[in-house]
Asks: 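I'd like to ask some things about the structure below.
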Amino acid sequence: MKKAIHYINQFFAGIGGEELADHKPEIREGLVGPSLALNSVLDGEVTHTIICGDNFMGSNTEEAVKLILGFLEDKEFDIFIAGPAFQAGRYGVACGTIAKAVKEKFNVPVLTSMNEENPGVEMFKKDMHIFKGGKSAAKLRDDVKVMADFANKLLMGEKTGSADEEGFFPRGIRAQVWLENGPIASKRGVDMLIKKLNDEEYISELPIPELDRVEIASPIMDLSKANIALITTGGIVPVNNPDRIQSASATRWGRYDISNDDRLQSGVYKTIHAGFDPAAADADPNVVMPVDAMKAYLKEGKFGKLHKYFYSTVGTGTTQAEAMRMGKEIVEKLREDNVDGVIMTAT
Amino acid sequence: MVIMCNLIPVATTVGANKIVPTISIPYPLGDPQTPKEVQWKLRYHRVGVALDALAEDIKEQTVFRVKI
Amino acid sequence: MKLELGNFYVKDVLFGHKTYYKDGILTINKEEAMNFIREDEHIIELDLVIAKPGENTRIVPVKEAVEPRVRPDGRAVFPGVTGDLEMAGMGRLHALKGCSVLGVGMHWGSFGDGLIDMGGEGAKYTLYSQLINICIVANTDEEEERYEQQKKNTAIRMAAHKFAEYLGETVKELEPEEVEVFQLDPVTKRDDDTSKLPSVVLVMQPQSQMEELGYNDLVYGWDMNKYVPSFMNPNEVLDGALISGSFMPSSSKWSTYDFQNFPTIRELYKEHGKSINFLGVIMSNLNVSLEQKKRSALFVAQIAKSLGADGAIVTEEGYGNPDADYILCLAALEDVGVKTVGISNECTGRDGASQPLVTLDVKANALVSTGNVSQLIELPPADKVIGELQALARDGLSGGWAYDEVLGSSVREDGSVIMENNAMFCGDMIAGWSTKTMKEF
């Protein structure tokens, strides 16, 4: 039989309310409070219940997580379920915090449930399945059932459905699905337009997500002493593409020594980017990677030092996750070489 | 970091903070239809704008102006 | 403008000693047909192969698909391409339905080429598994692009257009089983009941991003890179005024067959006079610089506004930077008070977690989504391959690769494949056939 471990707070464990929210983590064999409900609908056994005070988790997070991960070290379990936390903010954040830590350490599926008003939703919805729960404990059985239905599919190795079908908050992971006997795209489009024209409700199939914001870096104080590096996503590489960077959906990057070049020569460098007409970049790679202009400014003393390598990869079809990983790897190299600023060209 | 690119809406969408415009996707810094000297002038100017931008203290996402 | 489309429903295609059509059976004299295709001396190796739905057959690299058609009055099916320039969109046209002519590389593939599985699990990824495909499998003397990732594929693509017309000749003099009528009165001369309805335009953004001529979609034989948006009658699109090109990753492409049957045009016709007043098509394009992208969006918004459009559907033949053209166009239309719906695919990456379009704008608040270009697909070996399977891995097809540390090559020794949806021939069916959508998981 598959095994589950359940996390709840001090209140649902029947220990006490606000006055006992500093309750230190403990683990009990068997069922406590909501675990009874969970165990009754789960195709598996809830073997242990972990109880922790919300305030303890909130103010001694590191210690709480460490203790709980310690409890779990010698336990066998196939899934970890926290909550439901309803609208209780600290409880929701606690469920998210511990579930995330358990997932990272033990690589088992983790589930929780919260009301949409719970701040834990925004904080953790990308890290795990958070099911849409009720506002208060009156919904306990319903919320537990929704989580258990999904957990059962995972435990049995069955296919799980979309966020809407299963009832969890979108995690920002989008995949294609076939609409069964569904209307074709043109029909969906025309119907959507007619509704929009008649001011009726419609559902966009691609809701515009919130945009990422990046913290603004502090400016370089003295350019004449600064070490500047060049990066491109335009796929400029030595003609034999030594790092075998893919021409689309890249997962690799390369860096190439330009310390002895005044400019990138055609025939020595070219682009391997498949997303645009390569003719101009092959004829003169400096139109994508302006080594010549940088060398000119270097000679004039406009900036202190040109980093000896330029870095290159291909931007087309490359996933954000791969781009982020490559970016981090490149930044690490740049840090090692004390680079102060970067000019990146994109195509 | 300064990004030099043509598709400003892409750069603003992904959250780049310092942006210097270039002239196209396949040839950001030199139109092959124009003489080499014209391409060089354009490239030299825009790379210079990018270098200056590195030293600029900005408070919000900024698209820097170029003259050529 | 009134177009009569006479349909002949093809139930089977066979080789025989004469080329003719009778009772739903298209018979082809293979030798005569091959001689006709070889009239283009650039075709140096040739075979003609028929692939039927349900067969365990894999076709790759597919470059083009065309519906066989003829005009009984002798005009060219593709004006400016297969014959003289004449206005398209009116008169009588005969079509062999349920089949298509495919242009397939005998050896060599290129970035925009795709794969079709006629049966098994792979069949669901493309509409073309449902058609009887008459495959021109050819090698050409186009040495200058032999080892280029980007190929114009001129000889094979043109052969497909000409051969589709050649097969259409079989029904030139015959009475069709059914005649569909596509008719729009001039915009200013419509009856009151129609004029009262909300006015709608379709904005099409065909692929035109190669600055060197010969790769892009053509309108009346004209390369759409050198083009600014203009107003067209939807019948012109259905009637061969547009020809597909050779650049965009395959799943995002519109083949010539797609233009000839454009489902979104057909859907708008269905609602015309009932719930909308379908004004026509604003034919735009896709560009490579922001200035060009903005210019096209301005032209589109102005034409829509001047025509009095209340609503617009915008659809793009592409993904990646073309999303910028798409979103700019949607926003420009919303800015002049035209309510919009967009139809396109997404690129959320193999893990599904990437930003779905490269630019986003809250004004694009009504979008239909037809698939994820980068979804990984694994398919078992097929009994028969038409073309050359290695092309998927070797020749830089978008969606195929020769080498990957984790996944290995796209083409495995046993003939099974692992690829991105990108390489499925017209796989995201952005023209409007897609029953796929995108959901959060």
Side-chain angles (χ1 to χ4, degrees), chain A residues 126 160-165 168-190 192-198 202 204-209 211-212 244 246-249 251-252 272 274-280 316-323 347, chain C residues 111 124 149 198 200 209-212 263-264 266-268 271 275-276 288 310-311 313 320-321 339 341 343 346-356 360-362 364-375 396 398 401 403 420 422 429-430 432-441:
Chain A
K126 287 200 169 173
T160 56
S162 66
D164 278 353
E165 289 157 357
F168 57 85
F169 291 97
R171 297 181 300 157
I173 295 176
R174 295 172 63 77
Q176 61 182 24
V177 288
W178 278 259
L179 298 165
E180 271 181 45
N181 307 313
I184 63 172
S186 54
K187 171 111 179 74
R188 285 160 20 221
V190 172
M192 198 186 286
L193 183 62
I194 292 169
K195 284 184 181 161
K196 193 170 171 178
L197 286 166
N198 295 329
Y202 62 86
S204 177
E205 296 177 19
L206 169 48
I208 298 297
L211 303 182
D212 278 346
R244 296 213 270 181
Q246 303 91 329
S247 55
S249 304
T251 58
R252 292 188 278 275
I272 43 115
F276 61 82
D277 185 344
T316 195
T318 303
T319 66
Q320 247 169 282
E322 290 292 346
T347 50
Chain C
F111 185 64
K124 71 175 180 188
Q149 185 171 22
V200 169
Q209 294 191 286
M210 289 297 265
E211 298 203 324
E212 186 183 339
T264 304
R266 284 173 166 264
E267 206 60 48
L268 288 164
E271 292 297 328
S275 54
I276 58 165
V288 290
D310 302 301
I313 289 183
N321 86 70
K339 291 181 175 175
V341 164
I343 303 179
E346 300 180 23
C347 176
T348 60
R350 290 176 186 173
D351 60 1
S354 291
Q355 186 180 302
L360 298 168
D361 191 320
V362 287
N365 59 8
L367 301 174
V368 171
S369 199
T370 65
N372 174 20
V373 300
S374 39
Q375 198 112 6
S398 162
W401 52 87
Y403 164 80
E420 280 184 3
N422 256 321
M429 297 170 267
I430 300 172
W433 278 296
S434 182
T435 54
K436 288 190 292 183
T437 187
M438 294 287 285
K439 286 196 172 165
E440 290 271 353
F441 281 88

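By convention in this document, chain letters (A, B, ...) are assigned in the order of the sequence lines, proteins followed by strands, and residues within each chain are numbered from 1.
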Asks: Report which part of Glu212(C) has an atom under 4.5 Å of a heavy atom belonging to chain A: side chain, backbone, both, or neither.
Replies: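 For Glu212(C), backbone and side chain are both near chain A.
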Asks: Is Pro263(C) in contact with chain A via its backbone, its side chain, both, or neither, using a 4.5 Å heavy-atom distance?
Replies: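 When you check distances to chain A, atoms from both the backbone and side chain of Pro263(C) fall under 4.5 Å.
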Asks: State the CD1-OG1 distance between Ile173(A) and Thr348(C), to the nearest 0.5 angstrom.
Replies: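 So the gap between those two atoms works out to 9.5 Å.
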Asks: Testing the basics here: between Leu206(A) and Pro356(C), what is the closest heavy-atom pair and its distance to 0.1 Å?
Replies: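 The answer is CD1-CG, 3.5 Å.
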Asks: Apply ring-ring contact (aromatic ring centres under 6.0 Å, His included) to Phe111(C) and list each qualifying residue two or more places apart in sequence or on a separate chain.
Replies: none
Asks: With only heavy atoms counted, which part of Ala321(A) is less than 4.5 Å from chain C, the side chain, the backbone, both or neither?
Replies: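 Its backbone and side chain both get close to chain C.
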Asks: When you measure from the centre of the six-membered ring of Tyr403(C), is the NZ or CZ of Arg244(A) closer than 6.0 Å and no more than 45° off the axis?
Replies: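 Judged by the rule (NZ or CZ under 6.0 Å from the ring centre, within 45° of its axis), Arg244(A) counts as positioned above Tyr403(C).
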Asks: Nearest heavy-atom pair of Ile343(C) and Ala185(A): which atoms, and what distance?
Replies: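 Minimum heavy-atom contact is CD1-O, 3.9 Å.
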Asks: So, using side chain to side chain donor-acceptor pair (under 3.5 Å) as the criterion, who are the partners of Ser275(C) when residues are at least two apart?
Replies: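 Ser275(C) satisfies side chain to side chain donor-acceptor pair (under 3.5 Å) with Glu271(C) only.
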Asks: So which heavy atom on Arg174(A) is nearest to which on Asn372(C), and how close?
Replies: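 Looking at all heavy atoms of both residues, the shortest contact is O-ND2, 4.3 Å.
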Asks: Any donor-acceptor pair under 3.5 Å linking the side chain of Gln176(A) with the backbone of Met438(C)?
Replies: no
Asks: For residues Asp351(C) and Gln320(A), determine if any side-chain heavy atom of one lies less than 4.5 Å from a side-chain heavy atom of the other.
Replies: no
Asks: I'd like to verify something: which residue of Asp361(C), Ile430(C), Asn422(C), Val362(C) has the highest number of heavy-atom pairs under 4.5 Å with chain A?
Replies: Asp361(C)
Asks: Would you check if Glu205(A) and Leu367(C) make a side-chain contact, meaning some heavy-atom pair closer than 4.5 Å?
Replies: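 No - every pair of side-chain heavy atoms lies 4.5 Å or more apart.
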Asks: If you measure from the Lys or Arg side-chain nitrogens to the Asp or Glu carboxylate oxygens, is any gap between Lys439(C) and Glu165(A) under 4.0 Å?
Replies: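 Salt bridge: yes.
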Asks: Less than 4.5 Å to any heavy atom of chain C: does that hold for the side chain of Thr160(A), its backbone, both, or neither?
Replies: backbone
Asks: Is there a donor-acceptor contact under 3.5 Å from the side chain of Arg188(A) to the main chain of Val368(C)?
Replies: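 No; zero donor-acceptor contacts below 3.5 Å.
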Asks: Are side-chain heavy atoms of Trp178(A) and Thr437(C) found at a separation under 4.5 Å?
Replies: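 Result no, sub-4.5 Å side-chain heavy-atom pair not found.
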Asks: State, yes or no, whether a side-chain contact exists between Ser204(A) and Asn365(C) at a heavy-atom distance under 4.5 Å.
Replies: no
Asks: Do Leu197(A) and Val200(C) have side chains that get closer than 4.5 Å, going by heavy atoms?
Replies: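 In short, these two side chains touch, coming nearer than 4.5 Å.
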Asks: Scan side-chain atoms only and decide if Glu440(C) and Ser162(A) contain a donor-acceptor pair under the 3.5 Å cut-off.
Replies: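 Looking only at side-chain atoms, Ser162(A) and Glu440(C) do not form any donor-acceptor pair under 3.5 Å.
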Asks: How far does CD1 of Ile184(A) sit from CD of Glu267(C), to the nearest 0.5 angstrom?
Replies: 5.5 Å
Asks: Okay, side chain of Lys339(C), backbone of Lys196(A): is any donor-acceptor separation there less than 3.5 Å?
Replies: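 Judged by distance alone, yes, a pair lies under 3.5 Å.
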Asks: Contact part of Ile208(A) toward chain C, heavy-atom cut-off under 4.5 Å: side chain, backbone, both or neither?
Replies: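 When you check distances to chain C, only side chain atoms of Ile208(A) fall under 4.5 Å.
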Asks: In terms of heavy-atom pairs under 4.5 Å with chain A, which of Gly311(C), Ser354(C), Gly349(C) leads?
Replies: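 Among the listed options, the one with the most contacts to chain A is Ser354(C).
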Asks: Using non-hydrogen atoms only, which part of Ser374(C) is less than 4.5 Å away from chain A: side chain, backbone, both, or neither?
Replies: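 Ser374(C) has no heavy atom closer than 4.5 Å to chain A.
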Asks: Tell me, out of Ser249(A), Ala248(A), Gly172(A), who's got the most heavy-atom pairs with chain C below 4.5 Å.
Replies: Gly172(A)
Asks: Is a side-chain N or O of Thr319(A) found less than 3.5 angstrom from the main chain of Arg350(C), in a donor-acceptor match?
Replies: no
Asks: Can you tell which part of Phe169(A) gets under 4.5 Å to a heavy atom of chain C, answering side chain, backbone, both or neither?
Replies: neither
Asks: Kindly indicate whether the side chain of Leu360(C), heavy atoms from C-beta on, has any atom under 4.5 Å from the side chain of Pro209(A).
Replies: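 When only atoms from C-beta onward are counted, Pro209(A) and Leu360(C) do touch, with a gap below 4.5 Å.
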Asks: Report the option among Glu322(A), Lys126(A), Arg252(A), Gln246(A) that has the most heavy-atom pairs separated by less than 4.5 Å from atoms of chain C.
Replies: Arg252(A)
Asks: Between Ala323(A), Ala280(A), Gly189(A), Pro183(A), which shows the greatest number of heavy-atom pairs under 4.5 Å with chain C?
Replies: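 Among the listed options, the one with the most contacts to chain C is Gly189(A).
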Asks: Chain C: which of Leu179(A), Asn181(A), Leu193(A) shares the most heavy-atom pairs with it under 4.5 Å?
Replies: Leu193(A)
Asks: Tell me, out of Glu346(C), Glu420(C), Arg266(C), Glu211(C), who's got the most heavy-atom pairs with chain A below 4.5 Å.
Replies: Glu346(C)
Asks: Val190(A) versus Leu268(C): any side-chain heavy-atom pair under 4.5 Å?
Replies: yes
Asks: Which one of Pro207(A), Gly182(A), Ala175(A) has the most heavy-atom pairs closer than 4.5 Å to chain C?
Replies: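 Most pairs with chain C among the choices: Ala175(A).
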